[in-house]
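Structure record follows, encoded as structure tokens.
Treat the numbers as computed from the prediction; the structure is a model and nothing was measured. Residue numbers start at 1 and run along the sequence shown.
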Amino acid sequence: MPAPQPEKSSPWKIFVLFAAAALLAITGILLLVVDPGRAPSAEPGTATASPGPLSSAPSTSSEPTPTAQDTAAEEQELSAPESVPPKAADTARRFVLAWASHDARPGHDVSFSDAGRRAATYATDELAAQLREPGDRSTRLWQQWLADETRVTCAVDRVATPDGAPAATSERAYVRVLYTCTTRAAGQPATRSHDQLALEMHHEPAGAWRVAAIVNA
């Protein structure tokens, strides 16, 4: 009996097998390219993109305190001259500037009395007569000023009622003048000094205030 011959595959079966293999290959490639189960949050770097709580909120502790500035302004207002009539204060300023300023340069003052004569303009008749007379102020100091061509200029810092003095009335007022004088001598650095003068002011019938006495001269 003759041996059986192997069955030959038909062409259509080969084509079906080839098509199935190609389909599987294409499906595998698509699965590698597109993963429908991937979540967008799984991408690198997206986890740190969400902003956290702000920890650097602006602080209000560094803001300037308006109450401190207001307090300083109030203190300046409280330190202003009290109970001193404005015209009396103005006369007191002019008197002190004339009385305390000197100019020993050639062609100017010849003695301390020149300052007294200038101040007499703002004084009562009785005090003016005393200021115009030659005084006993240091002759040696004036001679030194003449040699050095010294000039003394003054500026008033404050005018107020002296501590313990009675309040001003329509006829009389007590005034304390605080002032600073700058002394300049030829070839020497300028020096400054602080001083004060207490004055008794009288209101004359003509309406002007005049210095009647130097209380602490």
Side-chain angles (χ1 to χ4, degrees), residues 68-105 108-142 144-145 150-185 189-217:
Q69 298 176 355
D70 295 341
T71 302
E74 291 176 359
E75 290 178 355
Q76 290 180 355
E77 293 178 359
L78 292 175
S79 64
E82 296 180 358
S83 304
V84 178
K87 292 184 178 180
D90 182 66
T91 299
R93 290 188 186 95
R94 294 174 183 270
F95 177 88
V96 169
L97 292 179
W99 186 81
S101 300
H102 306 275
D103 195 344
R105 297 176 300 174
H108 295 275
D109 296 350
V110 296
S111 67
F112 280 116
S113 300
D114 287 353
R117 284 188 284 269
R118 288 191 293 268
T121 305
Y122 310 102
T124 61
D125 292 341
E126 183 179 355
L127 179 60
Q130 300 176 14
L131 293 172
R132 292 189 181 99
E133 295 178 358
D136 56 355
R137 302 177 74 174
S138 176
T139 303
R140 179 176 299 179
L141 176 59
W142 182 254
Q144 183 64 45
W145 282 5
T150 301
R151 183 185 181 189
V152 181
T153 56
C154 302
V156 173
D157 301 320
R158 187 168 179 262
V159 178
T161 301
D163 297 337
T169 66
S170 59
E171 298 180 354
R172 180 175 301 184
Y174 291 91
V175 179
R176 182 185 302 279
V177 181
L178 291 86
Y179 59 99
T180 300
C181 289
T182 303
T183 302
R184 296 179 176 87
T191 59
R192 289 186 178 181
S193 60
H194 303 278
D195 210 337
Q196 56 181 307
L197 205 63
L199 307 174
E200 180 181 339
M201 312 286 297
H202 287 182
H203 194 199
E204 296 188 339
W209 285 91
R210 291 290 182 260
V211 178
I214 302 176
V215 179
N216 61 339

Testing the basics here: between [X] and [Y], what is the closest heavy-atom pair and its distance to 0.1 Å?
| X | Y | value |
| --- | --- | --- |
| A212 | T124 | CA-OG1, 3.7 Å |
| A160 | V84 | C-CG2, 3.9 Å |
| A123 | A128 | CB-N, 3.9 Å |
| L97 | C154 | CD2-O, 3.3 Å |
| H102 | A115 | CE1-CB, 3.4 Å |

Straight-line distance of [X] [atom1] to [Y] [atom2], nearest 0.5 Å:
| X | Y | atom1 | atom2 | value |
| --- | --- | --- | --- | --- |
| T191 | R184 | OG1 | CZ | 9.5 Å |
| R210 | T91 | CZ | OG1 | 6.0 Å |
| H194 | T180 | NE2 | OG1 | 4.5 Å |
| S113 | E133 | OG | CD | 9.5 Å |
| T169 | Y174 | OG1 | OH | 9.0 Å |

Taking side chain as C-beta onward, heavy atoms only, is [X] less than 4.5 Å from [Y]?
| X | Y | answer |
| --- | --- | --- |
| H108 | D114 | no |
| V211 | W99 | no |
| L131 | R117 | no |
| D90 | W209 | no |
| F95 | V177 | no |
| P162 | Q196 | no |

Original post:
Hey, are D109 and R118 close enough for a salt bridge, meaning a charged N less than 4.0 Å from a carboxylate O?
Top reply: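 Salt bridge flag = yes for R118 with D109.
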Subject >> R105 atom CZ: more than 12 heavy-atom contacts under 6.0 Å >> reply: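 Yes - once you tally the heavy atoms of other residues, nucleotides and ligands closer than 6.0 Å, there are more than 12.
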Original post:
L199 and side-chain contact (heavy atoms from CB on, under 4.5 Å): which partner among L127, V96, V159?
Top reply: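 So, applying the side-chain contact (heavy atoms from CB on, under 4.5 Å) to L199 and each of L127, V96, V159, only V96 qualifies.
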**OP:** State, without any angle test, whether E200 and H202 hold a side-chain donor-acceptor pair at a distance under 3.5 Å.
**Re:**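 E200 vs H202: donor-acceptor pair found between side chains.
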Original post:
What about the rings of W145 and F112, do their centers lie closer together than 6.0 Å?
Top reply: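 That pair passes the under 6.0 Å test.
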